[in-house]
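Quick caveat, the model's predicted, so the values are computed rather than measured.
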Amino acid sequence: DKPPNTEPLTAAEVRALPSGTKILVLWGGGNGPHEYLWKDGEVYHGERALGPLGGLIGSWRLVGRKPYQDKVWVAE
């Protein structure tokens, strides 16, 4: 699949999403986009928590619109 033709969310917009929101994530390394569930500040695939966005360190500086950042959209 290809990412949506809209701007990805900023880190602040992602943090403001309500728990339970379905999201699309294009990981900074180029994998995706894949649909996940945003729940309590973490990304879930089914019942399994994948951890925070922003790489293994969970840095919000790694979430946004720039190259190599995790890009997030609300799933339709």
Side-chain angles (χ1 to χ4, degrees):
D1 289 338
K2 293 188 177 189
N5 286 329
T6 58
E7 286 285 317
L9 301 174
T10 64
E13 291 169 330
V14 174
R15 285 193 300 266
L17 291 173
S19 187
T21 301
K22 289 184 180 180
I23 59 172
L24 292 175
V25 178
L26 177 62
W27 298 102
N31 192 6
H34 301 292
E35 186 172 301
Y36 299 102
L37 186 67
W38 178 251
K39 183 177 172 186
D40 302 324
E42 292 193 271
V43 176
Y44 278 75
H45 184 246
E47 294 297 317
R48 189 174 131 236
L50 299 179
L53 290 164
L56 296 176
I57 60 173
S59 172
W60 283 103
R61 291 175 304 175
L62 298 176
V63 178
R65 299 177 175 160
K66 295 180 183 175
Y68 305 109
Q69 288 182 321
D70 295 340
K71 293 170 182 62
V72 180
W73 297 264
V74 173
E76 305 213 1

Which heavy atom in Ser19 sits nearest to a heavy atom in Asp40, and how many Å separate them? OG-N, 3.1 Å
Between Asp70 and Gly28 (side chain of the first, backbone of the second, donor and acceptor by atom type, cut-off under 3.5 Å), is there such a pair? yes
Same cluster or not: Leu26 versus Leu50, using hydrophobic residues (I, L, V, M, F, W, Y) connected whenever any side-chain heavy atoms lie under 4.5 Å apart? no
Name each donor-acceptor pair under 3.5 Å that joins a side chain in residues 2-10 to protein atoms two or more places apart or in another chain, with its distance.
| residue | atom | partner | partner atom | Å |
| --- | --- | --- | --- | --- |
| Thr10 | OG1 | Glu13 | N | 3.1 |
| Thr10 | OG1 | Glu13 | OE1 | 3.4 |

Closest heavy-atom contact between Leu24 and Pro33? CB-CB, 4.4 Å
Report yes if some heavy atom in the side chain of Leu37 is under 4.5 Å from a heavy atom in the side chain of Lys22; otherwise report no. yes
Sub-3.5 Å donor-acceptor pair from the side chain of Lys39 to the main-chain atoms of Pro18, do we have one? no
Applying a strict under-4.5 Å side-chain criterion to I, L, V, M, F, W and Y, I'd like to know whether Tyr44 and Ile23 cluster together. no
Qualifying side chain to side chain donor-acceptor pair (under 3.5 Å) pairs, either residue in residues 29-38, two or more places apart: Trp27-Tyr36, Asn31-His34
Are Leu17 and Val43 joined in one hydrophobic group, where the rule is that I, L, V, M, F, W and Y side chains link up if heavy atoms are under 4.5 Å apart? yes
